[in-house]
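Written out below as structure tokens is the structure these notes cover.
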Amino acid sequence: MNPTENAGRLLVISDIHGHKHGLSLLLSEAAYNPRQDRLILGGDYINDTPDTWDTLETIQALVQSGAQAILGNKETKLMKQPKEKTKTVRTLIDWLNTLPAYIEEDGFLFVHAGFRPGVPLEEQSLKDMTEIREEFWGESDSVADQSGTVIFGHTPTFRMGASPGELWRANRKIGIDTGAKHGCRLTLLDVHAQITYSCSTAADRMYEDLRIQNLSILL
């Protein structure tokens with residue numbers, strides 16, 4: 001962890017999938033201040049293609065300035081690929097190996113994909129925490145019942161029944177992958193203020209249609 005000088009706001013974003021310019025736009029729109037705010041980055045910063053890997057340098061710079069980052073399945077996949085990579089990518093992989101699979105903050109659990117229901121937090125597998133889908137979010141019984149609200153990404157919210165580009169929430173779980181990879185939206189959530197900052201990732205409106213929404217969520 002990289003503690004900031006004071007508590008400030010608690011911000012989270014996940015499933016950036018190479019949209020580093022969208023990430024920068026939303027952080028700017030939210031007036032993110034690393035000396036005052038806490039920022040959690042929820043994994044899947046890249047896609048499978050090397051043209052997105054430079055996004056990791058943006059994530060690393062944010063962490064060096066005080067943000068916290070966790071692993072997504074795209075990062076664990078990259079870490080397992082053959083070693084024929086540039087020196088920069090090898091260095092980034094070494095850094096990825098230092099990242100946690102989940103973060104606890106203010107009574108929330110932040111994880112990329114979710115948790116295996118019925119399994120104690122300390123016994124959860126990296127595979128489940130980065131890859132699990134409906135077995136987590138489709139169940140009312142989960143580690144959330146003991147450890148607070150889970151904020152997660154990985155599964156686009158429209159696949160869980162939310163409107164395209166909107167958050168999903170049920171059973172003390174909040175899904176924040178609003179489909180940036182799928183041409184929907186990239187979303188930054190101010191957890192306690194219940195405010196989202198989002199932009200389009202559609203090919204014809206890339207990083208346009210900026211929206212700031214006040215939500216009525218019972219966390």
Q: Report yes if the distance between the aromatic ring centroids of Phe158 and His182 is under 6.0 Å, otherwise no.
A: yes

Q: Indicate whether the side chain of Arg211 and that of Ser198 have a donor and an acceptor atom separated by less than 3.5 Å.
A: no

Q. Does Asp209 reach the main-chain N or O of Arg205 with its side chain, forming a donor-acceptor pair under 3.5 Å?
A. no

(Q) Could you check whether any side-chain heavy atom of Asp190 comes within less than 4.5 Å of a side-chain heavy atom of Val12, counting everything from C-beta outward? (A) no

Q.
Does any part of the side chain of Tyr32, heavy atoms only, come nearer than 4.5 Å to the side chain of Leu39, both counted from C-beta?
A. yes

Q | Charged N-O contact under 4.0 Å between Asp37 and Arg9 | A | yes

Q.
Could you check whether any side-chain heavy atom of Ile13 comes within less than 4.5 Å of a side-chain heavy atom of Leu189, counting everything from C-beta outward?
A. no

Q) When you check the gap from the basic side-chain N to the acidic O, do Asp44 and Lys181 get nearer than 4.0 Å? A) no

Q: Would you tell me whether Arg185 and Ser200 have side-chain atoms, one donor and one acceptor, within less than 3.5 Å of each other?
A: no

Q: Would you mind reporting whether Tyr102 and Leu121 have side-chain heavy atoms less than 4.5 Å apart?
A: yes

Q: Working to the nearest 0.5 Å, report the span between CG of Leu62 and OG of Ser24.
A: 7.5 Å

Q) When rounded to the nearest 0.5 angstrom, what is the spacing between CG in Leu11 and NE2 in His192? A) 10.0 Å

Q: Could you tell me whether the side chain of Ile151 reaches within less than 4.5 Å of the side chain of Ile40, counting heavy atoms only?
A: no

Q.
Return the CD1 to CZ distance between Ile70 and Phe110, rounded to the nearest 0.5 Å.
A. 8.5 Å

Q) Do you know which of His17, Lys77, Glu75 makes side chain to side chain contact (heavy atoms under 4.5 Å, CB included) with Ile46? A) Glu75

Q) Is any side-chain heavy atom of Gln194 closer than 4.5 Å to a side-chain heavy atom of Asn214? A) no

Q | Validation row: Ser14, Asp177 side chains within 4.5 angstrom (heavy atoms) | A | no

**Q.** Option among Asp15, Asn73, Thr130 that satisfies the side chain to side chain donor-acceptor pair (under 3.5 Å) test with His154
**A.** Asn73

Q) Considering only heavy atoms from C-beta outward, does the side chain of Ile174 approach that of Val150 to under 4.5 Å? A) no

Q | Donor on one side chain, acceptor on other, Asn47 and Thr49, under 3.5 Å | A | no

Q: Mind running side-chain contact (heavy atoms from CB on, under 4.5 Å) on Phe108 and Val191 for me, showing each step along the way?
A: CA-CA 9 Å; Phe108 296 90; Val191 176; 3.5 Å; yes

Q.
As an exercise, state the distance from CG of Asp106 to OG1 of Thr149, rounded to the nearest 0.5 Å.
A. 11.5 Å

Q | Stacked cation flag Lys173 on Phe136, 6.0 angstrom / 45 deg | A | yes

**Q.** Spacing of Glu166 atom CD and Met160 atom CE [to the nearest 0.5 Å]
**A.** 12.5 Å

Q) In Å, rounded to the nearest 0.5 Å, how long is the span from CD of Gln213 to OG1 of Thr187? A) 8.0 Å

Q.
For Tyr45 and His19: C-alpha separation, side-chain torsions, deciding distance, then whether ring pair (Phe, Tyr, Trp, His ring centres under 6.0 Å) applies.
A. CA-CA 8 Å; Tyr45 312 114; His19 291 290; over 10 Å; no

